[in-house]
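These figures come from a predicted structure and were not determined experimentally. In listed order, ligands and their atoms are each counted from 1.
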Amino acid sequence: MPSFVTHLEAAIDGTRLAHDQLQTTHQGRPLWVRYDLDAVAAAVTPADVAARPPTLWRYRELLPVERDDNVVTLGEGMSPLLPCPRLGAALGLERLWIKDESQLPTGSFKSRGLCMAVSRAKELGARRLAIPTAGNAGGALAAYAARAGLASFVFMPADTPVVNRIEAALYGAKVFLIDGLITDCGQVVQRGTEPMGWFDVSTLKEPYRIEGKKTMGLELAEQLGWRLPDAIFYPTGGGTGLIGMWKAFAELGHLGWIDAQRPRMFACQSDGCAPIVRAFEAGARFAEPFPDPHTAASGLRVPKAVGDFMILDAVRESGGRALAAPEASLLDWTRRACALEGVALCPEAAACVAALADAVASGEITADAEVVVFNTGAAQKYVEALDVPLPRLGKDDDIDWASLAD
Ligand SMILES: *Cc1c(COP(=O)(O)O)cnc(C)c1O
């Protein structure tokens with residue numbers, strides 16, 4: 001099945017670019033993928049989609065891959081939308097959902113963006129893919145590159161969580177640790193692109209990761225019966241997911257599959273790295289680099305996002321806000337949410353829960369609002385941050401049973 005893509009469009013000034021060749025950015029800023037949505041509306045209905053297998057490829061007409069045999073997949077997508085009444089009650093909310101992305105291949109939603117980027121890179125002839133990563137993107141690239149039979153090169157800060165380091169190497173990537181931040185890793189990739197013949201699949205430096213991540217918005221709408229919640233709390237690093245979902249809602253609106261109601265979008269960060277929050281509060285369209293960023297939520301350790309204006313535009317259009325959660329509260333909220341709901345909530349999503357707690361307390365979010373939090377990754381990937389000392393029992397000890405319950 002051919003795609004319905006018509007062209008690529010520069011987000012900064014609307015310049016049209018061809019979609020039948022590898023593209024990166026325009027004036028250093030990201031590209032949108034545009035479709036013939038009238039033709040999509042004529043070709044497929046929600047009932048057709050409902051009859052397809054439960055992966056993100058069920059939205060094939062809204063995705064950019066031209067030929068089915070170029071689809072690189074590990075069965076990603078259709079993550080569960082879980083009602084969370086106990087966590088909701090703890091926050092003072094009657095209708096709280098978690099969209100649980102921890103169950104996707106490689107344990108994070110990065111698989112959505114990278115299955116799409118790798119499929120298109122393969123389709124357009126790239127053979128060696130390189131990426132700077134704060135953690136989860138490196139593992140996802142490595143897995144999909146392996147699946148596609150392509151070479152991958154992964155650059156991560158030396159203090160990236162150990163599971164991220166191991167998984168990328170395990171999937172056969174060449175992995176390098178850099179003494180610096182993700183932005184420094186990005187510089188190395190940029191410098192190496194020409195001499196090494198790499199295609200750079202950095203966040204928003206190629207057009208297709210957004211298309212993969214927009215499927216979170218498509219799934220959410222379908223799972224709610226083709227309607228949307230009142231508010232979405234999304235942990236924002238590079239912002240691809242938030243930007244992608246906002247695009248998904250616009251496309252679904254054009255198709256007539258949803259009405260005009262849109263959720264308020266809340267971009268959540270840690271106060272240890274909150275460039276988007278600062279820009280939002282300053283009323284700026286672009287964000288300044290955040291100095292000396294530090295957070296246990298490694299996916300949020302992005303001091304400068306190339307798509308900053310796209311995030312801020314979406315948040316403002318939606319009537320939402322950018323919110324900073326106290327860094328000191330993230331691991332507590334991680335543990336609380338995991339224990340209350342049995343969901344492997346990552347520290348990034350805990351930033352959403354912490355910000356949501358404040359928003360409920362201040363009255364910005366009312367008790368009857370329907371709220372969706374995105375759990376973008378699996379708690380298990382953060383073993384160093386979440387390790388806990390456990391009591392030891394000798395196998396032959398006399399055990400004081402009553403004391404075990406304390
Ligand atoms: C990458 C990442 C994020 C940030 O995602 P963006 O869409 O780039 O803002 C959030 N959470 C986790 C677990 C991540 O790996």
S.K.: Please examine the side chains of Met310 and Arg285, heavy atoms only from C-beta on, and report whether any two atoms are closer than 4.5 Å.
M.R.: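 Heavy-atom side-chain distance check fails, nothing below 4.5 Å.
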
S.K.: Taking atom types as modelled and ignoring hydrogens, do the side chains of Thr73 and Arg147 form a donor-acceptor contact shorter than 3.5 angstrom?
M.R.: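 Result is no, nothing qualifies.
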
S.K.: If you have a sec, work out which protein heavy atom is nearest atom 11 (N) of ligand 1 and how many Å separate them, to one decimal?
M.R.: Thr376 OG1, 2.7 Å

S.K.: So that I can tick it off, tell me whether Lys381 and Glu167 are bridged by a salt bridge, with the cut-off set at under 4.0 angstrom between side-chain N and carboxylate O.
M.R.: yes

S.K.: Which one holds for Phe374 and ligand 1: side chain close, backbone close, both close, or neither close, with close meaning a heavy atom under 4.0 Å?
M.R.: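 For Phe374, no heavy atom sits under 4.0 Å from ligand 1.
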
S.K.: Once you measure the plane-to-plane angle for Phe176 and Phe155, does it fall in the parallel (<30°), tilted (30-60°) or perpendicular (>60°) bin?
M.R.: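 Taking Phe155 first and then Phe176, their aromatic rings lie parallel (interplane angle under 30°).
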
S.K.: Distance to 0.1 Å, residue and atom name: give those for the protein heavy atom nearest to atom 5 (O) of ligand 1.
M.R.: Phe109 CZ, 3.2 Å

S.K.: Does Gly237 reach ligand 1 with a nitrogen or oxygen that is under 3.5 Å from one of the ligand's nitrogen or oxygen atoms?
M.R.: yes

S.K.: Hey, does Thr203 come in under 3.5 Å of ligand 1, counting only N/O atoms on both sides?
M.R.: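 By distance alone, the answer is no.
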
S.K.: Output the list of atoms in ligand 1 that are nearer than 4.0 Å to some heavy atom of Thr240, sorted by atom number.
M.R.: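 Answer, ordered by atom number: 6 (P), 7 (O), 8 (O), 9 (O).
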
S.K.: Pick one: which of Ser108, Cys346, Cys352, Ser102 meets side chain to side chain contact (heavy atoms under 4.5 Å, CB included) with Thr376?
M.R.: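 Output: one option passes, namely Cys346.
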
S.K.: So, regarding Thr236 and ligand 1 (criterion: nitrogen or oxygen to nitrogen or oxygen, under 3.5 Å), is there a contact or not?
M.R.: no

S.K.: Give yes if a backbone or side-chain nitrogen or oxygen of Tyr382 is under 3.5 Å from a nitrogen or oxygen of ligand 1, and no if not.
M.R.: no

S.K.: Identify the closest protein heavy atom to atom 7 (O) of ligand 1: which residue and atom is it, and at what distance?
M.R.: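 For this ligand atom, the closest protein heavy atom is Tyr234 OH, 2.5 Å.
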
S.K.: Looking only at distance, does Gly241 have an N or O less than 3.5 Å from an N or O of ligand 1?
M.R.: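 N/O-N/O distance below 3.5 Å exists for this pair.
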
S.K.: Going by the atom numbers of ligand 1, which of them fall below 4.0 Å from some non-hydrogen atom of Asn136?
M.R.: 13 (C), 14 (C), 15 (O)

S.K.: Counting from 1, what ligand 1 atoms have a heavy atom of Pro235 closer than 4.0 Å?
M.R.: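 Listed by number with element, the hits are 4 (C), 9 (O), 10 (C).
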
S.K.: In this structure, which one of Met245, Met116, Lys110 forms a side chain to side chain contact (heavy atoms under 4.5 Å, CB included) with Lys213?
M.R.: Lys110

S.K.: Does Arg67, at its CZ atom, have more than 12 non-hydrogen atoms belonging to other residues, nucleotides or ligands within less than 6.0 Å?
M.R.: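 Counting neighbours around CZ of Arg67, 12 or fewer heavy atoms of other residues, nucleotides or ligands fall under 6.0 Å, so no.
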
S.K.: Could you identify the single nearest non-hydrogen protein atom to atom 6 (P) of ligand 1 and state the distance to 0.1 Å?
M.R.: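 Nearest neighbour among protein heavy atoms for atom 6 (P) of ligand 1, to 0.1 Å: Gly239 N, 3.3 Å.
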
S.K.: Does the side chain of Asp100 come under 3.5 Å of the side chain of Gln103 through a donor N or O and an acceptor N or O?
M.R.: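 Note: Asp100 and Gln103 side chains meet the donor-acceptor criterion.
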
S.K.: For Arg86, is the CZ atom crowded, meaning more than 12 foreign heavy atoms sit under 6.0 Å from it?
M.R.: no

S.K.: Apply the side-chain hydrogen bond (donor to acceptor under 3.5 Å, both in side chains) test between Ser3 and each candidate in Glu66, His19, Glu123, Arg120; give the one that qualifies.
M.R.: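 The residue from Glu66, His19, Glu123, Arg120 that satisfies side-chain hydrogen bond (donor to acceptor under 3.5 Å, both in side chains) with Ser3 turns out to be Glu66.
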
S.K.: Quick one: which of Glu348, Arg209, Lys110 has a heavy atom closest to atom 15 (O) of ligand 1?
M.R.: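 Selected option, by shortest heavy-atom distance: Lys110.
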
S.K.: Checking the N or O distance criterion of under 3.5 Å, is ligand 1 in contact with Leu300?
M.R.: no

S.K.: Contact between ligand 1 and Lys213 is defined here as a heavy atom of the residue under 4.0 Å from a ligand atom; is it met?
M.R.: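 It does; at least one heavy atom falls under 4.0 Å.
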
